[in-house]
Amino acid sequence: MSKEEKDTKITINETEEEKDYSGERKAGRVLPIFIIGLLATCYYIFVVELCIFTVQLLEAKVTFLVIFHLLFLLCVWCYLRTVMMPPVVPPEKFRPSESDKQLYLSDERPQVLQEILIRTAKDLPIYTKDPKGDVRYCATCQMLKPDRCHHCPVCNVCILKLDHHCVFLNNCVGFSNYKFFLLCLTYAMLLCIFTSAVSLHFSILFWTHQLPNSPSKVPIIVLFCLTTIFSIILFLFCLGQSELALTNVTSREENDNIADDTTEENNPYNLGFSKNLREVFGNEKKYWFLPIFSSLGDGFSFPMGEATEDIEKNAAFAKPPNEGI
């Protein structure tokens, strides 16, 4: 498929309502502290109140502590990696030259502006157009937007393969940390399910008077209620994000498809379940379950569904984004 043919098939909705994002920015400073506090509280209740003060059998105590700490450490590791990984911006080659930038800023005629952008994008891997068929350009960042790149109004920067901005992370989920985000959701869900199951067992023992009343009873029941609620929420989140990952669609693209009444069959990035997962998690399976960057590609060019070559030939094994761009 030629570049011109692809240009006509891939469009994206870039219309954004201007609004004040100060609320999201303030929430992003507070909510990660709340999450860490919640994790610390659950850790204390499970380890101290449940395992140390309530569980009598040594074998059960050790088993619970080992499984809990394994899931807890993996969850916290993935969460911190997702929060601390800086979002990746487009490389400088997507920025117009100084002369083209001055021409762009000095003219207001849409046709002339598009001619400047088309000339700049001529040798770049850009196939995505806006609904009008024009080359996408961010006036704030003064850069052409690569495929799947969007401007985050909260971070006020263009981000490669932007999925969404998450106030619970105070960060954007995009090319650099999407794998960490999926792992964080998965391990958090497993941690909540395990904690909920164990705390339910001992809550029942308290309710049926098989265990004597103690100061640990209320914290353990509260732990069961909290982890059960979060298990349901995280399960639904994991279900939705897994479906998107398996079809190679970002949350932003899914929202645009709904807004434009576009079907998933028109998704040009869908390579099939196996290759879609490898694009996120990489080729080396030993890194799949660890928050170590192993995603394929460079974040600004993507193999298309019609590509006959294998994914390794279309998307090279990238260096960690914070060491690259």
Side-chain angles (χ1 to χ4, degrees), residues 1 3 6-16 85-95 117 120-121 124-131 133-138 140-141 143-155 157-166 171-182 240-241 243-260 262-272 275-282 293 295-307 311 314-318 321 324-325:
M1 180 181 287
K3 180 172 181 178
K6 289 175 181 174
D7 287 348
T8 62
K9 290 196 171 185
I10 309 171
T11 60
I12 197 157
N13 185 3
E14 283 296 324
T15 56
E16 292 266 357
M85 176 64 75
V88 185
V89 300
E92 283 300 311
K93 67 181 181 179
F94 287 90
R95 192 183 299 278
L117 296 181
T120 306
L124 295 174
I126 296 178
Y127 304 112
T128 303
K129 300 295 183 69
D130 67 14
D134 295 337
V135 175
R136 299 189 305 143
Y137 178 76
C138 179
T140 304
C141 301
M143 298 185 80
L144 276 74
K145 293 182 180 180
D147 295 345
R148 316 188 83 174
C149 174
H150 300 278
H151 185 86
C152 173
V154 182
C155 298
V157 68
C158 284
I159 295 171
L160 296 180
K161 198 183 178 183
L162 175 66
D163 189 86
H164 68 285
H165 182 90
C166 182
N171 198 4
C172 277
V173 177
F175 174 72
S176 62
N177 59 359
Y178 184 60
K179 173 191 173 184
F180 308 150
F181 174 70
L182 292 180
Q241 286 296 328
E243 182 181 355
L244 294 179
L246 286 170
T247 54
N248 208 338
V249 178
T250 64
S251 298
R252 174 60 186 264
E253 291 164 351
E254 176 74 2
N255 292 335
D256 286 338
N257 288 341
I258 293 172
D260 297 337
T262 305
T263 61
E264 288 186 1
E265 285 76 9
N266 294 329
N267 174 22
Y269 306 111
N270 191 350
L271 308 174
K275 290 184 179 180
N276 290 339
L277 284 178
R278 286 160 61 195
E279 191 171 299
V280 176
F281 292 96
F293 185 81
S295 300
L296 299 177
D298 47 29
F300 55 81
S301 60
F302 301 90
M304 302 296 180
E306 296 88 349
I311 189 172
N314 290 278
F317 192 176
I325 299 170

With sequence neighbours excluded, residues passing side chain to side chain donor-acceptor pair (under 3.5 Å) with Asn171: none
For Phe302 against Phe300, the heavy-atom pair lying closest together: CE1-C, 4.0 Å
Side chain to side chain contact (heavy atoms under 4.5 Å, CB included) between Asp256 and His150, worked out: CA-CA 12 Å; Asp256 286 338; His150 300 278; 4.2 Å; yes
From CG (Asp163) to CD (Glu253), nearest 0.5 Å: 8.5 Å
Considering all heavy atoms, the nearest Cys172-Asn177 contact: O-ND2, 3.0 Å
Any side-chain heavy-atom pair of Leu144 and Val135 under 4.5 Å: yes
Interatomic spacing from CZ in Phe281 to OH in Tyr178 - rounded to 0.5 Å: 8.0 Å
Closest non-hydrogen atom pair between Lys161 and Asn248, with its separation: NZ-OD1, 4.0 Å
Side chain to side chain contact (heavy atoms under 4.5 Å, CB included) assessment of Ser251 paired with Gln241: CA-CA 8 Å; Ser251 298; Gln241 286 296 328; 3.3 Å; yes
Spacing of Phe94 atom CZ and Cys149 atom SG [to the nearest 0.5 Å]: 8.5 Å
Minimum heavy-atom distance between Met143 and Pro90, given as atom pair plus value: CE-O, 3.4 Å
Side chain Asn267, main chain Thr247, donor-acceptor under 3.5 Å: yes
Separation of Tyr269 OH from Asn276 CG (nearest 0.5 Å): 13.0 Å
Asp147 side chain to Thr128 side chain, donor-acceptor N/O pair below 3.5 angstrom: yes
Gap between atom CZ of Phe180 and atom OG of Ser295 - 0.5 Å precision: 7.0 Å
Beyond-backbone contact of Glu279 with Pro303, side-chain heavy atoms, under 4.5 angstrom: yes
Heavy-atom pair of closest approach, residues Phe293 and Ser176: CD1-O, 3.7 Å
Of His151, Lys145, Lys129, the residue whose pairing with Arg136 passes side chain to side chain contact (heavy atoms under 4.5 Å, CB included): Lys145
Stepwise side chain to side chain contact (heavy atoms under 4.5 Å, CB included) test for Thr250 and Leu244: CA-CA 6 Å; Thr250 64; Leu244 294 179; over 6 Å; no
Shortest non-hydrogen separation from Ile126 to Pro146 and the atoms involved: CG1-CA, 4.4 Å
